[in-house]
Amino acid sequence: MAAPAPAGASPRTTLRNRLRTWMLQGLADLGKRPPGQGATPEPAHHGQRWWRVMCLTGVDYFSTLGYQPGIAALAAGLLSPVATLVLVAVTLAGALPVYRRVAKESPHGQGSIAMLERLLSFWKGKLFVLTLLGFAATDFLITITLSAADAATHLVENPHVSAALHGRQMLITLILIALLGAVFLKGFLEAVGVAVVLVGGYLALNAVVAVTGVWHVLTAGHVVTDWTSALTVQHGSIPAMIAVALLVFPKLALGLSGFETGVAVMPHIEGDPDDTEERPTGRIRGARKLLTTAAAIMSVFLIITSFVTTLLIPAPAFQPGGAANGRALAYLAHAYLGSAFGTVYDISTILILWFAGASAMAGLLNLMPQYLPRYGMAPHWARAVRPMVLVFTAVAFLVTWIFDANVDAQGSAYATGVLVLISSAAIAVTIAARRARQRAWTIGFAIISVVFLYTTVANIIERPDGVKIGACFIAGIILLSFTSRLARAFELRVTDVILDDTAQRFVRDIAQRRIRFIAKEPEQRGLAEYRDKAQQIRADNDIPPEDDLVFVEVTIRDPSEFESALHVHGHVMHDRYRVLCLDGSTVPNSLAALLLHVRDTTGNRPHIYFEWTEGSPFAQFLRFFLFGQGEVAPVTREVLREAEPDRSRRPRVHVG
């Protein structure tokens, strides 16, 4: 229920407040975070049944049946069924074991990116994650635009409406993307419900087409013999056929899509009643069922459809401009089951291709808020669902316009994004198995990693446009991320202040008098450093000898972190000087958080004393931005000014 408008509020203000409330209402719908990463997550057993979530990720994975047989026929010709068998073998023996391990190692939806994030610290780790997020954005956003463009192609090519819709593919694609965004603005549960209906109907229709195709192949015996004879003439022997199939395998890589989104939507899988966010056993089991079932279903369909399309469709029809280009199964549906069934199949294909972007959108909405806000590289509202839906929809519009809604033009970027993410996942699980001292798994995952790395490199060499497009996404994410971090540099950035018993006692003692803190660097802790510092501060600020002084020292652990809890430990140095030792990501923000915490717990305004830092102000700001240090005094005051607008309640900052 919406909150009542304040008395005297204008209609425009009331409408603006209601719109803002509605936009931020979905803050916890998606992107559930593990403890310590923002909003408190819902209990792990809340969510959807695994097979329902499989339909959400399956609209991406299964929808590739709309174009995968045609891609295989173009790449491998008569060898399409053999090349597809290689693809299925890599899927079941490579990608599936990798992502089953990823589901276990990263059950909160961060995927292999989180596993690799742990290997690198500081800014190296952040830049590495931003690079992988760039490829993930390439994969997911191109999934949205490519699928919508392919749906528009199926619609335009339908014989009943082709005359009326000819030349309007761009407009149709944009409308489909807008409708997809509207579904997610409505809510996530609606997206899951739509996915279940679309996937169920689409798989049933494909089963009818596949069975019909097999029947025609078996009843026309010469088709199989003609095919095998042509294969023998072209390639000579079975080893030669397998070798050629391995060489063209990278071109079929789009058939591996869906695994990354499968783990990205893991937080929406229903767990066991006794699951916790630290040990979501039921969620992991459900995710593994999802991945295995989806891979098995897709493998069966890929093998059968590649076989029947290769044997029943003339080779020229697969070429650009041909009747079966990008719609091989739709071609068979019209040819063997009649125009009425073919139109129903077209409608189902159009709908699932349109909604294939739903799994990608769900993956983006879960993945990006896991990292960018935590790094300070996105605004606060980036954790809310609806604003991010609008952002991703706008980017999808831009990509569609740049590529003129052309499916083939986007294929290389899509394949590159998919392969980079799968390769990173294979490397991540190899490292995880090695650390767990699982020698057999380490060797197996290492071999899988080599296969996917070869496939990725081969794809990039043959179609370099994909990595160029991915680089544009990476550059855009890094630029926007650092711009956001710069704009948020003076935020408080401390999620919690935790004092140990000694620190609490220090605060209670000095709360009886004027609270005075001295900011001091932690490197030098000799008796002379504390004595000289205290004398200088007293002299510079005319502090009476009887007033208590407590030193505050901040140790920077990881300056690349943006949000973190502040741990405060109390120590008595040299049996005389009381020191509060803080562990934080920046000095000024940590000091400001401590001052505000002391003010709120004691009811008194604390005072803190600094010395001026020598050096260029610009260089000092860069030190603060990158390493959490620099000119501490003015930055601490600025953080306090933003956090507490009321000057009468703001802690006092003194510099001498």
Side-chain angles (χ1 to χ4, degrees), residues 376 488-522 530 533-534 536-538 540-544 547-557 559 561-571 573 577-613 620-621 624 628-656:
R488 299 181 62 189
F490 299 119
E491 289 184 10
L492 195 58
R493 295 165 51 175
V494 172
T495 57
D496 195 13
V497 180
I498 305 167
L499 281 69
D500 67 7
D501 293 339
T502 305
Q504 291 181 25
R505 187 172 70 251
F506 289 173
V507 172
R508 285 196 304 269
D509 290 346
I510 60 175
Q512 308 304 319
R513 295 168 294 280
R514 177 163 291 185
I515 303 173
R516 301 184 191 272
F517 294 117
I518 298 177
K520 178 185 171 298
E521 294 183 357
Y530 289 103
K533 186 77 170 179
Q536 180 183 344
I537 292 296
R538 288 185 187 278
D540 289 345
N541 297 276
D542 297 325
I543 300 175
D547 280 15
D548 288 338
L549 297 175
V550 175
F551 289 92
V552 183
E553 300 176 350
V554 181
T555 300
I556 303 300
R557 299 302 181 191
E561 285 293 335
F562 188 79
E563 294 179 347
S564 61
L566 181 67
H567 295 272
V568 184
H569 306 279
H571 300 280
M573 306 299 291
Y577 297 103
R578 289 174 293 182
V579 182
L580 294 178
C581 298
L582 284 57
D583 291 330
S585 57
T586 72
V587 175
N589 306 76
S590 300
L591 292 175
L594 174 67
L595 294 172
L596 292 171
H597 177 80
V598 170
R599 181 204 65 181
D600 294 339
T601 55
T602 65
N604 298 325
R605 276 205 301 169
H607 296 245
I608 189 166
Y609 299 87
F610 297 91
E611 293 180 52
W612 288 114
T613 302
Q620 295 295 343
F621 177 75
F624 162 68
Q629 302 180 54
E631 182 57 276
V632 176
V635 178
T636 301
R637 184 193 178 280
E638 182 61 22
V639 174
L640 288 169
R641 190 184 68 83
E642 288 202 7
E644 178 50 80
D646 187 352
R647 295 185 63 180
S648 65
R649 301 190 68 245
R650 193 183 302 157
R652 301 291 299 275
V653 175
H654 306 266
V655 190

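Side chains are part of it too, since the values below use all heavy atoms of this structure and drop only hydrogens, waters and symmetry mates. Being a predicted model, the structure only gives us computed values, none of them experimental.
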> Are any non-hydrogen side-chain atoms of His597 and Thr601 less than 4.5 angstrom apart?
Replying inline: yes
> To the nearest 0.5 Å, what is the distance between CE (Met573) and CZ (Arg578)?
Replying inline: 14.5 Å
> How far does CD of Glu521 sit from OG1 of Thr555, to the nearest 0.5 angstrom?
Replying inline: 11.0 Å
>> Working note: Val550 + Val579, criterion side chain to side chain contact (heavy atoms under 4.5 Å, CB included); need CA distance, chi angles, decisive distance, verdict.
In response: CA-CA 6 Å; Val550 175; Val579 182; over 6 Å; no
>> To check you understand the geometry: which heavy-atom pair defines the closest contact between Gly570 and Leu580, and what is its length?
In response: CA-CD2, 4.3 Å
>> How long is the straight-line distance from CG of Asp501 back to CD of Gln504, given to the nearest 0.5 Å?
In response: 6.0 Å
> Think Lys520 forms a cation-pi with Tyr530, using NZ or CZ under 6.0 Å from the six-ring centre and within 45 degrees of its axis?
Replying inline: yes
>> Distance check, rounded to the nearest 0.5 Å: Arg637 atom CZ versus Leu591 atom CG?
In response: 15.5 Å
>> Does the plane of the ring in His569 sit parallel, tilted or perpendicular to the ring in His571? Use 30° and 60° as the thresholds.
In response: tilted
> Any side-chain heavy-atom pair from Ile608 and Pro651 closer than 4.5 angstrom?
Replying inline: no
> Rounded to the nearest 0.5 Å, how far does OG1 of Thr602 lie from CD of Gln512?
Replying inline: 9.5 Å
>> How close do Ile498 and Ala565 get, counting heavy atoms only, and between which atoms?
In response: CD1-CB, 4.5 Å
> Less than 4.5 Å apart, any side-chain heavy atom of Ile537 and any of Ile543?
Replying inline: yes
> So His654 and Tyr609, would you call those rings parallel, tilted or perpendicular, with 30° and 60° as cut-offs?
Replying inline: parallel
> Is there a donor-acceptor pair closer than 3.5 Å between any side-chain N or O of Asn604 and the backbone N or O of Ala511?
Replying inline: yes
> Going by distance alone, is a donor N or O of one side chain under 3.5 Å from an acceptor N or O of the other, for Asp646 and Ser648?
Replying inline: yes
>> With heavy-atom distances below 4.5 Å as the criterion, would you say the side chains of Ile518 and Phe610 are in contact?
In response: no
> Do Arg652 side-chain atoms and Pro606 backbone N/O form a donor-acceptor pair below 3.5 Å?
Replying inline: no
> Between Asn589 and Val494, which heavy-atom pair has the shortest distance, and what is it?
Replying inline: O-CG2, 4.0 Å
>> If you count every heavy atom of other residues, nucleotides or ligands that lies below 6.0 Å from Arg538 atom CZ, does the total exceed 12?
In response: yes
>> Could you tell me if the side chain of Lys533 sits less than 4.5 Å from the side chain of Phe551, heavy atoms only?
In response: yes
> Got Leu566 and Asp583 here, is their nearest side-chain heavy-atom distance under 4.5 Å?
Replying inline: no
> Which is it for Val552 and Leu582 under the side chain to side chain contact (heavy atoms under 4.5 Å, CB included) test, yes or no, and what are the steps along the way?
Replying inline: CA-CA 7 Å; Val552 183; Leu582 284 57; 3.7 Å; yes
> Yes or no on side chain to side chain contact (heavy atoms under 4.5 Å, CB included) for Tyr577 and Leu549, after CA distance, side-chain angles and deciding distance?
Replying inline: CA-CA 8 Å; Tyr577 297 103; Leu549 297 175; over 6 Å; no
> Side chains of Arg516 and Asp547: does their closest heavy-atom pair fall under 4.5 Å?
Replying inline: yes
>> Would Val587 and Ile556 count as a side chain to side chain contact (heavy atoms under 4.5 Å, CB included) here? Give the steps.
In response: CA-CA 7 Å; Val587 175; Ile556 303 300; 3.7 Å; yes
> Between atom CG of Leu640 and atom CZ of Arg649, what is the distance when rounded to the nearest 0.5 Å?
Replying inline: 12.0 Å
> So, the side chain of Arg513 versus the backbone of Asp509: is there a donor-acceptor pair under 3.5 Å, distance only?
Replying inline: yes
> Has the side chain of Glu644 got a donor or acceptor atom that lies under 3.5 Å from a matching backbone atom of Arg650?
Replying inline: no
> Any side-chain heavy atom of Leu492 sitting closer than 4.5 Å to one from Val639?
Replying inline: yes
